[in-house]
Amino acid sequence: MSPIVDIRDLTVRFTGERTVHALNGVDITLGQGQVLGVLGESGSGKSVTLKALLRLLPPRRTHITGSIRVVGEDVLAMDDVTLEEFRGGVVSMIFQEPMLALDPVFTIGDQIAEAVVRHHGVSRAEGRQRALEMLESVRIPSARRRLDAYPHEMSGGMRQRAMIALALSCHPKVLLADEPTTALDATVQIQILVLLRELQREMGMAVIFVTHDIGVAVEISDRIAVMYAGRIVETGTLRDVVKSPAHPYTRGLLASTIHGARRGSRLEAIPGAPPRLDRLPPGCSFAPRCGLADAACGQGEIPAVALAGERSARCVKLGASAVRDPQRSGVMPA
């Protein structure tokens, strides 16, 4: 079966006073019903990847090369009319901050109904009925009354549920989620994650879920892709990546989180900071922060190496015993 999302060698450059190398050869393959968690620090290219998939990047200062195919269609070749049908109808997105994504001058019900009318060609009354059903499906209490509520009249958790209802209202085949739980407290966060997982299974959607929180990725994902400086440095099943990470950056992320850590144990922070995307170092971009780096790490493009269990990682040290040992963090002590 062909993948529902197939991204090959995706490169994104932002031009202006300086050229920002936001994405540098990203490959993503996603099957029907799979959930891919994209993990990495701020500025690694996670959100840019999602916006490129929906063609939401500013066209005048963005240069995109590579291939993006969704349900067999070439996204980069779509005209404006096809793109309007594609957004929301085939691929939909949950944005990080619903207060900014939702229109403040229209009610929640009107915004959901508008999307349904636009994509399904139904009457306004049918669109409003669909909006009510979606608010009920995301478990918003007093859903009928909330149809006429404005975004500012709802709590953060309720707005996020309304954003999910809007994103799913037209039954998309692919759902993009850009850190949808970041601004929520822990209790509401887990409720949203459980809700998303249930709706994903019920609707059979493929999902790309962006996060910087390994705990969130563990709760929602089937597979993990770890991004650094605009590249995917490791990908594999959730179990493989978490239990035996291959790339030093992945091990550094896992070592610096409290999830699964023993009480009283010391967290190891990754030293330094990510590189500037307009001045990427040659070779492996993580080398300046990596305790295993040597001269070979700074020479030319680092290819992705296929590993057992449908995994891959970009590291010239994959043959060394230090990398095969998952107990070593692979980063310099802070």
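The chain is numbered in sequence order, starting from 1.
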Worksheet item: With a 4.0 Å cut-off, would you call Arg314 and Glu234 a salt bridge?
Response: no

Fill in: Where Leu238 and Ala217 come nearest, the two heavy atoms and their spacing
CD1-O, 4.2 Å

Discussion item. Donor-acceptor check, side chain of Thr181 to backbone of Gln189, threshold 3.5 angstrom: yes or no?
Written reply: no

Worksheet item: Which residues satisfy the side-chain contact (heavy atoms from CB on, under 4.5 Å) test with Thr187, sequence neighbours excluded?
Response: Asp185, Gln191

Worksheet entry | Inter- and intrachain pairs under salt bridge (charged side-chain N to carboxylate O under 4.0 Å, His left out), touching residues 21-34, at least two apart | none

Worksheet item: Where do Thr11 and Gly25 come nearest, in terms of heavy atoms and distance?
Response: OG1-N, 3.5 Å

Fill in: Set of side-chain contact (heavy atoms from CB on, under 4.5 Å) partners for Thr49, sequence neighbours left out
Leu23, Ile28, Met227

Worksheet item: Less than 4.0 Å between a side-chain N and a carboxylate O, is that true for Glu85 and Arg118?
Response: yes

Worksheet item: For Pro98, which residues count as a side-chain contact (heavy atoms from CB on, under 4.5 Å) partner, sequence neighbours excluded?
Response: Leu102, Arg159, Gln160, Met163

Discussion item. Can you confirm whether Asp80 is buried at CG, in the sense that more than 12 heavy atoms of other residues, nucleotides or ligands lie under 6.0 Å from that atom?
Written reply: no

Discussion item. I'd like to know if the side chain of Arg8 pairs up with that of Thr29 as donor and acceptor (distance under 3.5 Å, no hydrogens or angles considered).
Written reply: yes

Item to complete: State whether a side-chain donor-acceptor pair under 3.5 Å links Glu179 with Thr211.
Response: no

Discussion item. Applying salt bridge (charged side-chain N to carboxylate O under 4.0 Å, His left out), can you list everything that pairs with Glu198, at least two apart in sequence or on another chain?
Written reply: Arg139

Worksheet item: Going from CZ on Arg69 to CG on Asp6, what distance comes out if it is rounded to the nearest 0.5 angstrom?
Response: 8.0 Å

Worksheet entry | Contacts of Tyr228 that satisfy ring pair (Phe, Tyr, Trp, His ring centres under 6.0 Å) - sequence neighbours left out | Tyr249, Phe286

Worksheet item: Should the pair Arg13-Asp278 be classified as a salt bridge under the 4.0 Å nitrogen-to-oxygen rule?
Response: no

Discussion item. How close do Ser123 and Val117 get, counting heavy atoms only, and between which atoms?
Written reply: O-CG2, 3.7 Å

Only pairs under 3.5 Å count here: list side-chain donor-acceptor contacts from residues 55-66, not counting sequence neighbours, and write none if there are none.
unit_1, atom_1, unit_2, atom_2, d
Arg55, NH1, Val75, O, 2.7
Arg55, NH1, Met78, O, 3.2
Thr62, OG1, Pro58, O, 2.5

Worksheet item: With sequence neighbours excluded, what pairs up with Asp222 under the salt bridge (charged side-chain N to carboxylate O under 4.0 Å, His left out) test?
Response: Arg197

Discussion item. To check you understand the geometry: which heavy-atom pair defines the closest contact between Leu280 and Ala229, and what is its length?
Written reply: CD2-CB, 4.0 Å

Under 3.5 Å donor-acceptor pairs involving side-chain atoms of residues 169-177, not counting sequence neighbours:
unit_1, atom_1, unit_2, atom_2, d
Ser169, OG, Leu166, O, 2.8
His171, NE2, Arg130, NH2, 2.7

Fill in: Partner residues of Asp148 under the side-chain contact (heavy atoms from CB on, under 4.5 Å) criterion, sequence neighbours left out
Arg128

Discussion item. Restricting to non-hydrogen atoms, name the atom on Leu135 and the atom on Ala165 that form the minimum distance, rounded to 0.1 Å.
Written reply: CD2-CB, 4.0 Å

Worksheet item: If you draw a 6.0 Å radius around CZ in Arg124, do more than 12 non-hydrogen atoms from other residues or ligands fall strictly inside?
Response: yes

Discussion item. Using the side-chain contact (heavy atoms from CB on, under 4.5 Å) definition, which of the options Cys284, Ser285, Cys297, Cys315 pairs with Ile302?
Written reply: Cys284

Worksheet item: Which ILVMFWY residues are connected to Val105, directly or by a chain of links, through side-chain heavy atoms under 4.5 Å apart?
Response: Phe106

Discussion item. Listing request: all salt bridge (charged side-chain N to carboxylate O under 4.0 Å, His left out) pairs with a residue in residues 29-45, at least two apart in sequence or in separate chains.
Written reply: Glu41-Arg289

